[in-house]
Amino acid sequence: MLKIAWTEIFAHSLPEGHRFPMAKYDLLPEQLLYEGTITESNLFAPEPLPEQYVLDTHDAAYWKRLSNLQLSPSEIRKTGFPLSEELIQREVVIMNGTLQATLFALEFGIGMNIAGGTHHAFTDRGEGFCLLNDIAIAANYLLRYKGFKKILVVDLDVHQGNGTAQIFQHEPRVFTFSMHCGHNYPFHKEQSDLDVPLEEGTDDKTYLQLLQHHLPRLLDEEQPEFVFFQSGVDVLATDKLGKLGMSIAGCKERDRTVLELCYRHHLPVTVSMGGGYSKQIAHIVEAHANTFRLAQHIFF
C-alpha cells in the first residue's frame with residue numbers, strides 16, 4: 001500500500017501575504033482523497049522525530065539554538081519563516097514523516113511525504129524555507145542503523161540542493177545529483193556529486209532529454225540501494241521563483257521517468273515534495289498530485 005505522511009500541522013499559519021503557499025499541504029490531500037487516488041488508509045500522521053536522529057545529521061549547537069528559539073534575526077530572516085515553537089514542532093514532525101516514509105519504502109517499494117524536501121538546510125544553519133534536512137536525516141538513518149552502503153539523492157527542485165550537497169560532501173556512500181536552474185537561488189552553489197545547471201526557460205523536451213541521459217547512467221554506475229527523490233514543482237513556467245519553462249505535463253513526465261526507473265531497478269524510493277510557488281495554487285496542487293497519481297499507478 002502507498003503510505004503518505006500527512007498531518008494538519010504541516011499547514012502552518014503564516015503572516016498575511018507571506019509568499020510561501022502553506023495551503024497546498026491541506027489542498028493536496030483533499031484533492032487526492034476527492035478524486036479517489038488515495039483513501040484515508042494511505043495517510044499516516046507521524047510523531048515528532050526523536051532528537052538523536054536530528055543530531056546524527058545536524059550540529060548540536062545549531063539544534064540547541066534552533067529548538068530554544070535563539071537564532072539571530074539574520075538567521076531567522078534567511079530561513080524565510082518567523083521562528084516559533086509551533087514551527088519547530090512542525091519541522092520535527094515533517095522530518096519523521098520522511099523517515100517513516102523511508103521505512104515504508106523498504107516494505108512497499110515507495111513511501112511519500114506531503115511535505116519535506118528541505119534541501120537548503122545545512123548541518124549548522126537553515127535557509128530558504130528549510131530548517132532541518134529531512135532527506136539527509138533519513139539517508140543517515142539508513143547508513144547508520146540499516147547498514148546501507150550506497151544511496152542516491154535525485155534532487156529535481158528548480159533550486160540546487162545546496163544543504164544536502166554540503167551535508168554529504170565527505171560521505172562517499174551518498175551520491176547527490178541536483179538538476180536545477182543555474183541562474184537562481186542559491187546564488188552561491190555548493191558542489192553536488194553531479195550538478196546539472198539548466199538555462200533559464202528550459203522547456204520540457206530539453207529537460208527530459210537531460211534527465212534521461214543522466215539518471216539511467218547514474219543508476220548503472222553508482223548501483224544505489226535506495227533513492228531519495230526531491231520532486232519540487234517549481235520547475236513550472238508559471239512558478240514565481242523558478243525561471244524554467246516546463247509545463248504541468250512535462251513535470252509529470254519528469255516524475256514518471258524517475259519513478260519508473262526506480263520501479264524497474266527494484267530500488268526503494270522516498271519522495272519528498274519540495275517547492276512550488278506558482279501564482280495559481282491550483283497549478284501547484286495539480287503538479288504535486290501527479291506525483292502521487294504516478295506512484296500509485298506504477299508501484300501498485
Side-chain angles (χ1 to χ4, degrees), residues 2 4 24 28 31-32 35-38 105 109-114 116-117 119 135 152-161 177-182 184 192 194-220 224 227-278 280-300:
L2 179 61
I4 302 166
K24 75 176 183 177
L28 180 55
Q31 176 61 33
L32 295 170
E35 70 190 28
T37 296
I38 65 170
I110 189 168
M112 305 182 78
N113 194 343
I114 289 280
H119 60 166
I135 290 171
L152 173 64
V153 177
V154 178
D155 191 329
L156 301 185
D157 194 274
V158 81
H159 306 109
Q160 191 212 32
F177 166 40
S178 180
M179 210 163 114
H180 51 266
C181 183
N184 202 338
S192 310
L194 175 61
D195 284 304
V196 180
L198 303 168
E199 296 294 327
E200 293 183 27
T202 295
D203 62 11
D204 294 346
K205 182 179 178 182
T206 305
Y207 187 104
L208 293 169
Q209 284 177 339
L210 283 166
L211 180 61
Q212 289 157 0
H213 169 73
H214 289 291
L215 188 54
R217 178 179 58 82
L218 286 180
L219 296 181
D220 290 339
V227 172
F228 287 94
F229 176 27
Q230 209 276 25
S231 62
V233 302
D234 40 15
V235 295
L236 296 179
T238 56
D239 197 273
K240 293 182 291 186
L241 306 180
K243 300 185 181 180
L244 296 188
M246 292 189 73
S247 67
I248 290 176
C251 188
K252 183 177 182 179
E253 288 309 304
R254 175 203 72 173
D255 293 354
R256 188 193 307 278
T257 298
V258 177
L259 296 179
E260 285 188 344
L261 280 168
C262 289
Y263 182 76
R264 290 208 302 268
H265 285 76
H266 306 288
L267 275 170
V269 56
T270 299
V271 187
S272 301
M273 285 304 99
Y277 311 95
S278 294
Q280 291 190 34
I281 199 162
H283 292 164
I284 303 173
V285 172
E286 178 65 11
H288 277 315
N290 279 333
T291 317
F292 292 86
R293 293 166 185 147
L294 287 165
Q296 181 67 53
H297 175 71
I298 292 167
F299 283 82
F300 304 97

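Just so we're clear, the structure is a prediction, and the values are computed from it rather than from any experiment.
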*Asks:* Less than 4.5 Å apart, any side-chain heavy atom of Thr206 and any of Leu210?
*Replies:*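 A side-chain contact exists here, since the closest heavy-atom pair is under 4.5 Å.
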
*Asks:* Rounded to the nearest 0.5 Å, how far apart are OH of Tyr207 and OG1 of Thr202?
*Replies:*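 Those atoms lie 9.5 Å apart.
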
*Asks:* Rounded to the nearest 0.5 Å, what separation is found between the CG atom of Leu215 and the CD atom of Glu260?
*Replies:*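 Answer rounded to 0.5 Å: 12.0 Å.
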
*Asks:* Looking only at heavy atoms, which two atoms of Tyr277 and Lys240 are closest? And how far apart?
*Replies:*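 Smallest heavy-atom distance, with atoms named: O-CE, 3.0 Å.
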
*Asks:* Name all pairs fulfilling the salt bridge (charged side-chain N to carboxylate O under 4.0 Å, His left out) condition that reach into residues 207-220, sequence neighbours left out, sorted by first residue then second.
*Replies:*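 Salt bridge (charged side-chain N to carboxylate O under 4.0 Å, His left out) check on residues 207-220 returns Arg217-Glu221.
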
*Asks:* Output yes when a side-chain donor or acceptor of Gln230 lies under 3.5 Å from a complementary backbone atom of Leu156, and no otherwise.
*Replies:*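 No, the answer is negative, given that no donor and acceptor are paired below the 3.5 Å cut-off.
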
*Asks:* Should the heavy atoms of other residues, nucleotides or ligands under 6.0 Å from CD of Gln212 be counted, would the total exceed 12?
*Replies:*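 Count over threshold, so yes.
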
*Asks:* Is any side-chain heavy atom of Phe177 closer than 4.5 Å to a side-chain heavy atom of Leu218?
*Replies:*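 In contact.
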
*Asks:* So how far is it from Cys181 SG to Glu200 CD, rounded to the nearest 0.5 Å?
*Replies:*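 Cys181 atom SG to Glu200 atom CD measures 5.0 Å (nearest 0.5 Å).
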
*Asks:* Roughly how far, to the nearest 0.5 Å, is the CG atom of Leu28 from the CD atom of Gln31?
*Replies:*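 CG of Leu28 is found 8.5 Å from CD of Gln31.
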
*Asks:* Got more than 12 heavy atoms from elsewhere within 6.0 Å of NE2, His297?
*Replies:*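 No - once you tally the heavy atoms of other residues, nucleotides and ligands closer than 6.0 Å, there are 12 at most.
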
*Asks:* Is it the case that Asp255 and Thr291 place a side-chain donor and acceptor less than 3.5 Å from each other?
*Replies:*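 Yes, a side-chain donor-acceptor pair sits under 3.5 Å.
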
*Asks:* By side-chain hydrogen bond (donor to acceptor under 3.5 Å, both in side chains), which residues pair with Asp155, not counting sequence neighbours?
*Replies:*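 So Asp155 forms a side-chain hydrogen bond (donor to acceptor under 3.5 Å, both in side chains) with His119.
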
*Asks:* What is the minimum heavy-atom distance between Pro216 and Leu261, and which atoms define it?
*Replies:*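 Closest heavy-atom pair between Pro216 and Leu261: CG-CD1, 4.0 Å.
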
*Asks:* Starting at CG of Leu236, measure out to CD1 of Ile284 and round the result to the nearest 0.5 Å.
*Replies:*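 With rounding to 0.5 Å, CG (Leu236) is 8.5 Å from CD1 (Ile284).
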
*Asks:* What distance separates Cys262 SG from Leu152 CG, expressed to the nearest 0.5 Å?
*Replies:*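 Rounded to the nearest 0.5 Å, the SG-CG separation comes to 8.0 Å.
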
*Asks:* May I ask you to check whether over 12 heavy atoms, not counting those of Tyr263, lie within 6.0 Å of atom OH?
*Replies:*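 Atom OH in Tyr263 is not packed in, count stays at 12 or less.
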
*Asks:* Tell me, which pairs form a side chain to side chain donor-acceptor pair (under 3.5 Å) where one or both residues lie in residues 244-253, sequence neighbours left out?
*Replies:*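 Sorted pair list: Asp204-Ser247, Glu253-Arg256.
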
*Asks:* Do Ser178 and Ser192 have side-chain atoms, one donor and one acceptor, less than 3.5 Å apart?
*Replies:*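 No donor-acceptor contact under 3.5 Å links the two side chains.
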
*Asks:* Quick one: do the Gln280 and Ser278 side chains pair a donor with an acceptor below 3.5 Å?
*Replies:*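 No, no side-chain donor-acceptor pair sits under 3.5 Å.
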
*Asks:* Considering the options Ile38, Val271, Asn113, which one meets the side chain to side chain contact (heavy atoms under 4.5 Å, CB included) requirement together with Ile4?
*Replies:*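 Between Ile4 and the candidates, side chain to side chain contact (heavy atoms under 4.5 Å, CB included) is satisfied uniquely by Ile38.
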
*Asks:* Would you indicate whether the side-chain heavy atoms of Gln160 and Asp195 approach each other to under 4.5 Å?
*Replies:*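 The answer is yes, as the side chains (C-beta and beyond) meet within the 4.5 Å cut-off.
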
*Asks:* Can you find a pair of side-chain heavy atoms, one from Leu198 and one from Lys243, that are under 4.5 Å apart?
*Replies:*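 SC-SC contact between Leu198 and Lys243 ruled out.
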
